[in-house]
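Working notes, beginning with the structure itself.
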Amino acid sequence: MPRLELQPKRNLIAMYDDELIGYIRYTLLRNRNILLPAELVTIDGMTATVKFTGVTVTDRFSDVGDGVRIEREWRVTRPGDYRFHFDFITSGTGFGNRIVPSVMYDGNVHGEGKFPKGGLDVPWSFREDRMPVPGCTAVYGESGYRAVFMSPAQDDSFTGSAMTFLEGEIPVFRLCVPFIEYPKTYTEKGIMLGGLTAPTERVLSIRPNQLPYTYKREFYVFDEDKPYSSADFFLPVFRTAWEKFAPPEETTPDYEGFFSRRLAHLRFLTERDDGNVWIKMGKGNGLFQSYYEFTAGSFLIRGLEAAAVYARIGDIDTAEGIAGFFLSRTFDNGAHQDMYGFKSKEWGGYLGAGIREEWKNGVNARANGETMSGFLRLYSLLKKAGREHPEYLDLARKNAEFYLKYQLPDGNFGRWRTLDGAELDSYGTNGAYIITLLTEFERLKPGDKAVRGALAKAADYYGGLADRMDFGADTLDADSTDKEAGCAVLTAFLDLNELTPDKKYIRYARRAAEFILSWIWTYNVAFPEGSPLGKLGFQTRGMTSVSVAHHHLDFYGMRIAYDFLRLADESGEEFWRDVARGMMRACVQLVSSPEERLGRGPEFEGWQPEQVNQTNWDYKHRRFGTKGFFHTDAAWSTVLTLGAMLDIRGRFPRELTFELPEKQ
């Protein structure tokens, strides 16, 4: 149990385990004025009662896992406009780094996006519904780490916020109910409004006829005193939130019906013309449909993965047609471009929004890795079906040789290159996709010493990123820290371990998985009652955030679940399996059916929105709503989900079993 000690200042309590954890400070806001308590009394050792003029605060302290839980009650007997505070002062100056899960990672120094940036000297305050653990903020460094979070708001009007600021050189956390966002509010990606706008806030107006008024909330403090050079302390914080905020009952969804509907939507997105077959990037996106007039073998469309889905359900002709579309854009040196714009009639490495002009006509390691891995998988699938396509193997071999030739001395495969191989940018985890490409190639054609040597060097480089928790620049439409960077490294090391089992590969995979946890939602956001998501009863637990440049949720979880199941088997830790199941359950929500069309016609059966707004942010400014709204049909979500479900069904039938639909 923690030990409490009353401090000489009447609004401070010191909290100890073996050493000093920090100080609980008692303040609150009424009518724009900060109030200090009139008196402070501790009772029975683990309960503190603090009296303000017109407000009594009661705190009950208890152990919870690796942290301390504070059950707080405010009892208000005086009317006014209130903001309730929970202040925690850390125990020293040796905490020089800050993370806010899914929002800020050590200042968000990478990238050109107009998202929140800055070190501890910038006192950012963010809404709790931006964070996968509600109101979570943490600092770490030579003195260890300190992290706080709160129980989730049960009503949207009580959405809180988390702030980290310095008093002298000492970090202080302030959790507020209701929220204040300061010094700016991150409203969208920067395309329409510039990203950051004025501060926003709420207060709780308590009127005389509501008195006495009582409000309760739980707060959590986690700590450890050993030095931390990277943010690898998040697991116990996540695990506690995942367990504490679990719903009382979780039913098994209709996975078979969901797969059938999603497959129907894939067929809807599949287009044909003059013998060519491709997957449209998205349909029915209104004023923004011009952003979706593309196809690609990778990333936002995942065309080669779609071809593999078709092959696995027996539609061989469609699979071959899609693959054939992407064979043509190969260069003599093995470089390959996989994105094609139907309006511009041009090919590129990536042609969508958010890309630097000098990169779009080059080649990208993620795009090449995903596309070529898709060709190799399709080669094997079609061979089993009696169709030989040596050109798929040749294409992947030439592209692999391109990356072997230009691998950097430290093992990095790089990120962006020109068509002739000149380096444009090498930051981030994009090169991890080349590990997956080479491991798949090695399974098909084992014994290549050059491949083995390159994989060994790459393992050292990307393992170093994992050790430093340095994950970023993975998505092609945002140059920032993002979830998919961790996913790429997790997959790469699980693939390496399957090729040549090694305990260090599992260690690196586990560190990547721990980073991914900081993007997985542990609780259900309280949506406005009249919002679409509120009316539909949408649950955010198990959903995933995208990047620090994209404050919305997506349905990437089915793919992560497959790798978490692999990690559970290899590590022997069932925790990863439990989280995988939570993500799988989350990902089968919000799909169009005859009972609920989600605002679209019957031809869109099986569509699932790419963007789910759990906070006040939108990809492009929309006048009619942010939190509680959803929109955007994007092919990648359909294809990734179907491919991952087939992978889970094939390898983990205890987790997912369903009948495949007949070919149409």
Side-chain angles (χ1 to χ4, degrees), residues 99-105 126-138 147-156 159-162 179 186 218 220 234-248 250 253 481-484 486-487 513-528 531 533-534 536-548 550-561 563-564 575-590 608-617 626-630 637 641:
I99 70 163
V100 180
S102 296
V103 177
M104 288 197 81
Y105 293 80
F126 300 105
R127 297 166 57 119
E128 68 171 276
D129 52 14
R130 296 188 189 273
M131 307 161 205
V133 174
C136 184
T137 183
V148 297
F149 63 94
M150 68 178 89
S151 57
Q154 300 302 304
D155 184 285
D156 177 60
T159 297
S161 60
F179 72 82
Y186 187 33
E218 293 179 354
Y220 296 79
F234 188 67
L235 177 59
V237 176
F238 178 92
R239 189 194 294 266
T240 299
W242 185 257
E243 293 171 354
K244 291 295 180 184
F245 306 148
E250 293 182 309
T481 300
D482 60 68
K483 164 190 81 241
E484 292 170 45
C487 297
E514 289 176 10
F515 170 77
I516 295 168
L517 290 179
S518 70
W519 304 87
I520 300 172
W521 284 68
T522 60
Y523 67 101
N524 292 321
V525 167
F527 289 105
S531 68
L533 291 173
L536 292 167
F538 183 78
Q539 298 186 331
T540 57
R541 178 179 164 90
M543 291 290 289
T544 51
S545 295
V546 183
S547 77
V548 300
H550 300 81
H551 283 201
H552 69 83
L553 304 182
D554 66 9
F555 291 97
Y556 211 92
M558 196 69 74
R559 171 53 58 191
I560 301 171
D563 279 344
F564 274 22
F575 165 76
W576 302 107
R577 197 179 316 277
D578 181 56
V579 178
R581 290 167 177 163
M583 286 187 286
M584 290 166 62
R585 284 190 291 267
C587 284
V588 301
Q589 300 180 93
L590 207 63
Q608 189 180 48
E610 178 196 36
Q611 180 175 340
V612 177
N613 289 333
Q614 89 290 352
T615 191
N616 274 4
W617 187 94
T626 51
K627 180 176 180 177
F629 285 73
F630 59 85
S637 179
T641 300

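All values below were derived from every heavy atom in this structure, side-chain atoms included, with hydrogens, water molecules and symmetry-related copies excluded.
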How far apart are the closest heavy atoms of [X] and [Y], and which atoms are they?
X	Y	answer
Arg541	Asn524	N-OD1, 3.0 Å
Thr544	Asp554	OG1-OD1, 2.6 Å
Met584	Ala561	CG-CB, 3.6 Å
Asp156	Pro528	OD2-CG, 3.6 Å
Ala138	Ala147	CB-CB, 3.7 Å
His551	Ser102	NE2-O, 3.9 Å

Indicate yes or no for a side-chain donor-acceptor contact from [X] to the backbone of [Y] under 3.5 Å, with no hydrogens or angles considered.
X	Y	result
Thr540	Met543	no
Gln539	Gln589	no
Gln614	Val525	no
Thr522	Pro132	yes

Could you walk me through whether Trp521 and Ser545 pass the side-chain hydrogen bond (donor to acceptor under 3.5 Å, both in side chains) check? CA-CA 8 Å; Trp521 284 68; Ser545 295; 2.8 Å; yes
I'd like to know whether Thr626 forms a side-chain hydrogen bond (donor to acceptor under 3.5 Å, both in side chains) with Asn616, so could you lay out the CA-CA distance, the side-chain angles of the two residues, the decisive distance to 0.1 Å, and finally the verdict. CA-CA 5 Å; Thr626 51; Asn616 274 4; 2.9 Å; yes
Is Arg130 close enough and on-axis enough to Tyr186, meaning under 6.0 Å and within 45°, for cation-pi? no
Compute the centroid of each ring, for Tyr523 and then for Phe149, and state whether the two points are separated by less than 6.0 Å. no
Less than 6.0 Å separating the ring centroids of Trp617 and Phe126? no
